[in-house]
Amino acid sequence: MNIKAPKGTKDILPSEIRNWQHIEKTANDIFSRADFKEIRTPIFEDTCLFERGVGDTTDIVNKEMYTFIKSDRSLTLRPENTAGVVRAYLEHNFYRESPPVKLWYKGPMFRYERPQAGRQRQFHQIGVEMFGIQDASADAECIMLAVEFLKALGLNDLTVEINSLGCNICRREYKDRLKKAIAPFLNELCEDCQNRYEKNPLRILDCKNENCTKLFEKYNLKETVSGIELCPECSEHYNKLKTYLTALNIKYTENTFLVRGLDYYTKTVFEIKSNNLGSQNAVCGGGRYDGLVELLGGPATPAVGWAMGVERINSLIPQVNSYKIKFFVVSDNQLEAFKLVSKLRQQGISADFDYNARKFAKQLEKASKIAEYAIILGEEEIKNNYFTVKKLSDSSQEKMDFEDIIKL
RNA sequence: GCGGGCAUCGCCAAGCGGUUAAGGCCUCGGAUUGUGGUUCCGAUAUACGUGGGUUCGAAUCCCACUGUCCGCCCCA
């Protein structure tokens, strides 16, 4: 038998689990403070949820989904969780609650891609979604939450990039003008860009093809695009966001080329990047998706959110060593040792002993590796009803009774 | 889907056509029959990814496959 974890998946081992627990606990702490509530949705959903929600022009839906048929029903392992959260939001009539509805989630996502640094087929995201607030304060709240969360994990030197894609109304205008600006050199662009031109011209800005990038520069696309005006409402929204961010002391850079790969974004989009991640450098990505709830059959509902890649965050924070237990009971009398361990655990204190009843020196050696203190329980101690407690870090030891021990 | 690198014990790793295939770490035992973390000794009874080929001879060269890592695309 030689079965290995499938390509692009990883076991999270005991030696690294503390980092994960720390990240998840930090998320819970930071988000709870802002009254975001955790939600857990299924790992698979009806395929059509993603086809509609994520968008059938996206790579995610076109070539990266794990889809299977069961009882004539097409199901898909979730490639992201916004669609699932929106589905739950609708299914449980959250839109009848007084806005905002603020939710966060954590869990595995699945995308069939070639694994590389910072990318797996099963990976984990932590994300937030905020429903019901039109005002840019919601966008700012989400970005702030992301920054606070990363800061709490000790990540300060990340860059926040923002942009506005406009609403449906001005996006049409925006697209037309973008297309007009690109038209003169369209046939010089790469094949992908030519395909995107009709289907989803915004994505052209995201192209990393060297030749295309050069052309953008040559034709001053950057200036032309940043010159395109959003409709008054979107423009005001965007300005308001910037005002909020500045007031909240959140540093950001504007990136007019920033376009997200999912179809549902409107107005605000943003990314948080790190220079220490290799080529997959986005730690967090998100934005506003005012049309999605309605698209999935609910009432028109403004919404903002983001998702972070937990593996990517994890690779940026220092590894926490696995902890030591408090006591290791060293004794030739296994029965008494076991009883003492049991009593300590009942007091809520971590303790262990040698299941093999090995020689004294071996037991002590083991103790020094996994525990803070060794409790020596020999014939003398048992007879006279005390414990010799040895602090393993400096070899100091003293006689104690049970009350003393549990206070340590 | 397309490129490139790498594959030697549980982990790290030497070896570059002829070796009993180094060494270190970890684990276990002993020196030390109630005091560890240092030191010394020993053990882990078939480790060269798989399958072909070249050669008198292959871990070492060639081919294919598989795995893995990195990059493109895309994304977190």
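Only this structure's heavy atoms are used, side chains among them; waters, hydrogens and symmetry mates stay out. Since the model is a prediction, treat every value here as computed from it, not as a measurement. Note on naming: letters A, B, ... go to the chains in the order of the sequence lines (proteins, then strands), and numbering restarts at 1 for each one.
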To the nearest Å, how far apart are [X] [atom1] and [N] [atom2]?
{"X": "A:K63", "N": "B:C2", "atom1": "NZ", "atom2": "C1'", "value": "11 Å"}
{"X": "A:N356", "N": "B:G29", "atom1": "CG", "atom2": "C1'", "value": "13 Å"}
{"X": "A:K383", "N": "B:G34", "atom1": "NZ", "atom2": "P", "value": "16 Å"}

pair [X]-[Y]: side-chain heavy atoms closer than 4.5 Å:
{"X": "A:H124", "Y": "A:W20", "result": "yes"}
{"X": "A:F328", "Y": "A:K369", "result": "no"}
{"X": "A:F149", "Y": "A:I126", "result": "yes"}

I want to check one thing: is the phosphate of [N], taken as OP1 and OP2, less than 4.0 Å away from some side-chain N or O of [X]?
{"X": "A:Q116", "N": "B:C72", "answer": "yes"}
{"X": "A:S279", "N": "B:C72", "answer": "yes"}
{"X": "A:K359", "N": "B:A31", "answer": "yes"}
{"X": "A:K10", "N": "B:C69", "answer": "yes"}
{"X": "A:R358", "N": "B:G29", "answer": "yes"}
{"X": "A:R260", "N": "B:A76", "answer": "yes"}
{"X": "A:R119", "N": "B:C69", "answer": "no"}
{"X": "A:K369", "N": "B:U27", "answer": "yes"}
{"X": "A:Q280", "N": "B:A76", "answer": "no"}

Using the [atom1] atom as the point on both nucleotides, what is the distance between [M] and [N], in whole Å?
{"N": "B:A7", "M": "B:G15", "atom1": "C1'", "answer": "15 Å"}
{"N": "B:G17", "M": "B:C2", "atom1": "C1'", "answer": "36 Å"}
{"N": "B:U20", "M": "B:C25", "atom1": "P", "answer": "26 Å"}
{"N": "B:G3", "M": "B:A14", "atom1": "P", "answer": "30 Å"}
{"N": "B:G29", "M": "B:C69", "atom1": "C1'", "answer": "39 Å"}

A:R312 has its side chain closest, among B:G34, B:A76, B:G71, to B:A76
Touch class at under 4.0 angstrom, heavy-atom based, for [X] against every strand present:
{"X": "A:A282", "value": "sugar-phosphate"}
{"X": "A:S393", "value": "base"}
{"X": "A:E80", "value": "nothing"}
{"X": "A:G127", "value": "nothing"}
{"X": "A:L392", "value": "base"}

Show your reasoning for whether ring pair (Phe, Tyr, Trp, His ring centres under 6.0 Å) applies to A:F131 and A:Y89. CA-CA 9 Å; A:F131 298 93; A:Y89 173 91; 4.2 Å; yes
Please determine, for [N], whether a Watson-Crick or G-U wobble partner exists with both distances under 3.5 Å, and give it or none.
{"N": "B:U39", "value": "B:A31"}
{"N": "B:C26", "value": "none"}
{"N": "B:C48", "value": "none"}
{"N": "B:C73", "value": "none"}

Determine the sole option in A:K339, A:K343, A:R345 for which the side-chain contact (heavy atoms from CB on, under 4.5 Å) test with A:V341 is passed. A:R345
Contacts of A:D394 and A:Q125 projected onto RNA chain B by closest heavy atom; the upstream (5') one is A:D394
Please figure out whether A:P6 or A:I376 has its closest RNA chain B nucleotide nearer the 5' end. A:I376
Ring centroids only, cut at 6.0 angstrom: are A:F36 and A:W104 within range, meaning strictly under it? no
Confirm from the modelled atom types if A:E381 and B:G34 form a donor-acceptor pair under 3.5 Å, side chain to base only. yes
